[in-house]
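Only one structure is covered here, and it is reproduced in the block below.
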Amino acid sequence: MIIYLLSAVIVLLCYELYRRYFPIMGITCKHRIGEKYIVILDLRDYNEKGTLKNVAMQIPYAYLRRHYSEIPDQSLHVVASDRMDINLGVRFLLRKGYSVSSFEIIGCACKGGIIDGV
């Protein structure tokens with residue numbers, strides 16, 4: 001009985017680690033998006049200084065579950081402050097049926113879809 005309980009705990013722990021830290025395949029890291037039909041969604045907290053221009057929506061990750069229905073049904077470019085917010089936010093949006101085309105981490109250098117320093 002203890003082996004089954006221990007196995008269940010290990011499986012749940014591995015799932016949570018995967019969800020938070022494993023990168024999402026097929027979505028590239030890009031800086032500034034110039035396309036007209038892409039909505040820029042900022043997942044950073046409200047109290048963080050906004051250095052971005054042309055942000056269509058700002059919904060912090062903590063409020064995403066409550067306000068995701070306000071996001072238009074267009075392709076999204078997600079902006080966050082760290083890799084964990086990107087992973088959790090993009091996985092949530094994909095589960096809800098949104099199309100996420102790219103992401104950006106503030107203060108991190110992206111080179112052709114590969115993130116340096118993360």
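All of these numbers come straight from a predicted model, not from anything done at the bench. Keep in mind that the numbers below use all heavy atoms, side chains included, and drop hydrogens, waters and symmetry copies.
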Inset, instruction - Test side-chain contact (heavy atoms from CB on, under 4.5 Å) on R91 and R19 and set out the steps. - result: CA-CA 8 Å; R91 286 185 203 282; R19 226 175 48 117; 4.0 Å; yes
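- Annotation: side-chain hydrogen bond (donor to acceptor under 3.5 Å, both in side chains) contacts of R20 (sequence neighbours excluded): none.
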Inset, instruction - For the pair H77 and V39, evaluate side-chain contact (heavy atoms from CB on, under 4.5 Å) and give the outcome as yes or no after the intermediate values. - result: CA-CA 6 Å; H77 174 76; V39 175; over 6 Å; no
Inset, instruction - Check step by step if side-chain contact (heavy atoms from CB on, under 4.5 Å) holds for L64 and L88. - result: CA-CA 10 Å; L64 191 59; L88 291 173; over 6 Å; no
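- A tilted orientation is assigned to the rings of Y63 and Y46, their planes being inclined by 30° to 60°.
- Using a 4.5 Å cut-off on side-chain heavy atoms (C-beta onward), V79 and I86 make no contact.
- Not counting sequence neighbours, the partners of S99 by the side chain to side chain contact (heavy atoms under 4.5 Å, CB included) test are S75.
- Applying the side chain to side chain contact (heavy atoms under 4.5 Å, CB included) test to Y21 and every residue at least two apart in sequence or in another chain returns L17, M84.
- When atom types are taken as modelled, the side chain of D42 and the backbone of R44 share a donor-acceptor pair closer than 3.5 angstrom.
- Across every non-hydrogen atom of G89 and L43, the tightest pair is CA-CD1, 3.9 Å.
- I10 pairs by the side chain to side chain contact (heavy atoms under 4.5 Å, CB included) definition with L6, C14, not counting sequence neighbours.
- Annotation for L5: hydrophobic cluster partners, listed by chain and number, are none (ILVMFWY side-chain heavy atoms under 4.5 Å, direct or chained).
- Taking Ile, Leu, Val, Met, Phe, Trp and Tyr as members and joining any whose side-chain heavy atoms lie under 4.5 Å apart, directly or through other members, the hydrophobic cluster of F22 also contains Y18, M25.
- Of all heavy-atom pairs between R65 and F92, the closest is CA-CZ, 3.7 Å.
- A donor-acceptor pair under 3.5 Å is formed between the side chain of S101 and the backbone N or O of L76.
- Nearest heavy-atom pair, A80 versus D85, reported as atom, atom and distance to 0.1 Å: CB-CB, 3.8 Å.
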Legend entry - Check against side-chain contact (heavy atoms from CB on, under 4.5 Å), L94 and I27: CA-CA 11 Å; L94 290 174; I27 300 174; 4.0 Å; yes
